Each structure stands twice: as structure tokens, then as C-alpha cells.
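Below: the structure, in C-alpha cells.
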Amino acid sequence: MTEFQWPWEYTFPPFFTLQPHEETRQQQLKVWTDLFLKYLKHTNKFSLSINEQSLPLFHNESIQRRLSPELILVILEQLQRTGHAAALDKRRQEWQVYWYTLEEYGNMVYDWIQETGQTNSICTLYEIASGESSTQMDFHGVDESVLLSALRLLEEKGRCELIEMDGSHGVKFF
């Protein structure tokens, strides 16, 4: 894995404190949300805890700055508003973060299914997320719980049917 390239803002101490001026704060949140998505994609992570204080994303040791749990929550809530995150608990401490929105994941999978002629066949979530035939796709390696959420959206649109077998899931596409 190549080393992650941090943006210049990551070395700017005020970046780690929520800015009071509205326009500056909006730009700061835009940079932080982009950084969260890029970092999590680079590290192949789909979930995080606000309390993961040792995570480099939350703590720049070289300038001795750390995001507060409150600012982390503000960033995650911004990601939630854009369809890139969802809280996993009522206290909003554990989060699932999506590199693409669930709708985008669903559309990518559905397009791939059609392109590869797998309509009206049953696939496992493993085949879709980790199978050899999907290695070149942007959704390859997606967490199966994220994939399941995206497929539920497709099911609501009548494009597929989820099938549960012995605690695991399959899906038939139409």
C-alpha cells in the first residue's frame, strides 16, 4: 500500500479546531469530509469510532494536534447529510462510512450485473464484494454490511431480491 498523501491543511494547526466564521467553517468541513473519505478508502475502512483517538486521521503527532470528539461528530454528521455515513448506535459513537453513497454503490453493482450478463442469476455478497470477476470494479472490497444496505435500496426499487440462507445473504437481480 502506498503512503497516504495528507493535504496541506493537515499540517495547519487551526484546521483541528472548528472555525467560528461560517464561510471558513463550511470550507473546513468540506476539506475534512473529503479527507475522511479519502483516508478511509486508502486504509480500506468502512467503520470508525469517535473514540479512536490514536487514528492518524484524528491526530497529527507532528504538530501535536488532535480533533475533539465534538468536531469528529460534526464531520460525521456532515457526511451523513451527504449520504456517506450512518450512525451505528444511539449515542452516535460508532459510525459506518461509505466511500460512495449507498445509491452509487447499488447503481455500480447493478450496472456490473447487467454488463456481465448475470441478470436472473443468484450471487452471494462475497462474489460481488470480493469475487475474482469484480476486481476491477470500484465496489470491489466493499464491506458486506455496506453492500447489503446498498442492495436493500435496489430491492426497494424492484431491481433485485435479497435471499437469506443460513445466516448469509444472496441476491437475485432482475
Side-chain angles (χ1 to χ4, degrees), residues 1-2 4 7 25-52 55 57-58 69 71-174:
M1 182 186 309
T2 60
F4 185 72
R25 183 174 51 250
Q26 290 308 315
Q27 179 59 33
Q28 177 191 29
L29 289 175
K30 169 84 173 97
V31 174
W32 268 118
T33 55
D34 289 347
L35 177 55
F36 266 48
L37 295 175
K38 288 175 184 171
Y39 180 82
L40 293 172
K41 185 174 184 177
H42 181 81
T43 58
N44 201 35
K45 284 186 72 156
F46 289 89
S47 61
L48 53 83
S49 170
I50 287 178
N51 300 315
E52 278 183 81
L55 191 68
L57 182 61
F58 298 161
L71 181 50
I72 296 169
L73 183 60
V74 168
I75 295 164
L76 289 167
E77 287 171 342
Q78 181 69 23
L79 284 168
Q80 184 177 33
R81 280 190 284 283
T82 62
H84 286 92
L88 295 174
D89 64 334
K90 289 182 181 184
R91 292 182 36 232
R92 303 174 71 73
Q93 300 295 300
E94 305 293 325
W95 287 77
Q96 193 169 59
V97 180
Y98 321 121
W99 312 337
Y100 301 98
T101 65
L102 293 177
E103 188 164 340
E104 289 170 330
Y105 275 121
N107 289 338
M108 283 189 272
V109 169
Y110 192 73
D111 291 347
W112 173 72
I113 288 293
Q114 289 188 313
E115 289 167 12
T116 56
Q118 296 182 72
T119 310
N120 293 318
S121 61
I122 297 175
C123 302
T124 65
L125 298 191
Y126 177 83
E127 288 175 296
I128 296 169
S130 305
E132 288 182 25
S133 60
S134 70
T135 54
Q136 300 303 312
M137 306 308 297
D138 284 341
F139 60 81
H140 186 80
V142 67
D143 184 273
E144 286 190 16
S145 63
V146 173
L147 178 58
L148 187 58
S149 297
L151 292 173
R152 283 192 176 117
L153 289 177
L154 283 179
E155 186 175 42
E156 289 172 11
K157 295 176 180 178
R159 292 177 158 184
C160 71
E161 179 183 357
L162 287 165
I163 304 160
E164 190 169 348
M165 307 167 281
D166 301 324
S168 62
H169 288 88
V171 60
K172 181 176 182 177
F173 293 90
F174 308 116

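None of the values given here were measured: they were computed from a predicted structure. Numbering starts at 1 and runs along the sequence shown.
- Applying the side chain to side chain donor-acceptor pair (under 3.5 Å) criterion to T33, with sequence neighbours excluded, gives no partner residue.
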Exercise for review: Starting from the C-alpha separation in whole Å, work towards a yes-or-no answer on side-chain contact (heavy atoms from CB on, under 4.5 Å) for R159 and I113.
Suggested key: CA-CA 11 Å; R159 292 177 158 184; I113 288 293; over 6 Å; no
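- Looking only at side-chain heavy atoms (C-beta outward), Y126 and L147 stay at 4.5 Å or farther from each other.
- Between F139 and I128 there is a side-chain heavy-atom pair separated by less than 4.5 Å.
- Ring geometry, F58 versus F36: the interplanar angle falls from 30° to 60°, so the pair is classed tilted.
- When side chains are defined from C-beta on, E156 counts as touching L153, because their heavy atoms get closer than 4.5 Å.
- Atom CZ of residue F173 and atom CG of residue N120 lie 11.5 Å apart, to the nearest 0.5 angstrom.
- Taking CD1 of I122 as the start and SG of C160 as the end, the distance is 11.5 Å to the nearest 0.5 Å.
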Exercise for review: Let me see the working for N44 and W99 under side-chain contact (heavy atoms from CB on, under 4.5 Å), right down to the final yes or no.
Suggested key: CA-CA 10 Å; N44 201 35; W99 312 337; 3.1 Å; yes
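- Between the H42 side chain and the T2 main chain, a donor and an acceptor come within less than 3.5 Å of each other.
- Between H140 and T135, the side chains place no donor N or O within less than 3.5 Å of an acceptor N or O (distance only, hydrogens not considered).
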Exercise for review: Step by step, work out the side-chain contact (heavy atoms from CB on, under 4.5 Å) result for T82 and Y98.
Suggested key: CA-CA 10 Å; T82 62; Y98 321 121; over 6 Å; no
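- In this structure, T101 contributes its side chain and E104 its backbone to a donor-acceptor pair below 3.5 Å.
- Listed by first then second residue, pairs satisfying salt bridge (Lys or Arg N to Asp or Glu O under 4.0 Å) with a partner in residues 111-134 number zero, not counting sequence neighbours.
- Using a 4.5 Å cut-off on side-chain heavy atoms (C-beta onward), E77 and W95 make contact.
- Across all non-hydrogen atoms, the minimal contact from L76 to A85 is O-CB, 4.0 Å.
- Annotation: side chain of L148 is in contact with side chain of L162 (closest heavy-atom distance under 4.5 Å).
- Here the side chains of T124 and S168 are not in contact, with every heavy-atom distance at 4.5 Å or above.
- Summarising the geometry of H84 relative to Y100, their closest heavy-atom pair is CD2-C, 3.9 Å, with the distance given to 0.1 Å.
- Annotation: E103, atom CD; neighbour count of heavy atoms from other residues, nucleotides and ligands within 6.0 Å does not exceed 12.
- One finds the NE2 atom of H169 at 10.0 Å from the CD atom of E144 (value rounded to the nearest 0.5 Å).
- At most 12 heavy atoms of other shown residues, nucleotides or ligands fall within 6.0 angstrom of atom NZ in K38.
- No donor-acceptor contact under 3.5 angstrom links the side chains of S49 and Q93, judged on distance only.
- Here the closest non-hydrogen pair linking A150 and G106 is CB-N, 3.8 Å.
- The shortest non-hydrogen separation linking E52 to S47 is OE2-O, 4.4 Å.
- Side-chain contact between R25 and L29 is present, with at least one heavy-atom pair separated by less than 4.5 Å.
- A side-chain donor from one of R81 and Q78 sits under 3.5 Å from a side-chain acceptor of the other.
- Minimum interatomic distance between Q80 and A86 (heavy atoms only, all atoms of both residues): NE2-CA, 4.3 Å.
- Rounding to the nearest 0.5 Å places CG of L125 at 6.0 Å from CG of L151.
- Using cut-offs of 30° and 60° on the angle between ring planes, the pair F46 and Y105 is tilted.
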Review point. Given the rule in the side-chain contact (heavy atoms from CB on, under 4.5 Å) test, do Y39 and L55 qualify, once you have shown the distances and angles that lead to the verdict?
Key: CA-CA 11 Å; Y39 180 82; L55 191 68; 4.0 Å; yes
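- Around atom NZ of K30, no more than 12 heavy atoms belonging to other residues, nucleotides or ligands sit under 6.0 Å away.
- Taking both residues in full, the closest heavy atoms of P7 and L35 are given as CD-CD1, 3.7 Å, listed atom of the first, atom of the second, then distance.
- Rounded to the nearest 0.5 angstrom, R91 CZ and I50 CD1 are separated by 9.5 Å.
- One side chain, T116 or Q118, offers a donor N or O that lies under 3.5 Å from an acceptor on the other.
- For the atom pair CD1 of I75 and CG of L57, the computed distance is 7.5 Å after rounding to the nearest 0.5 Å.
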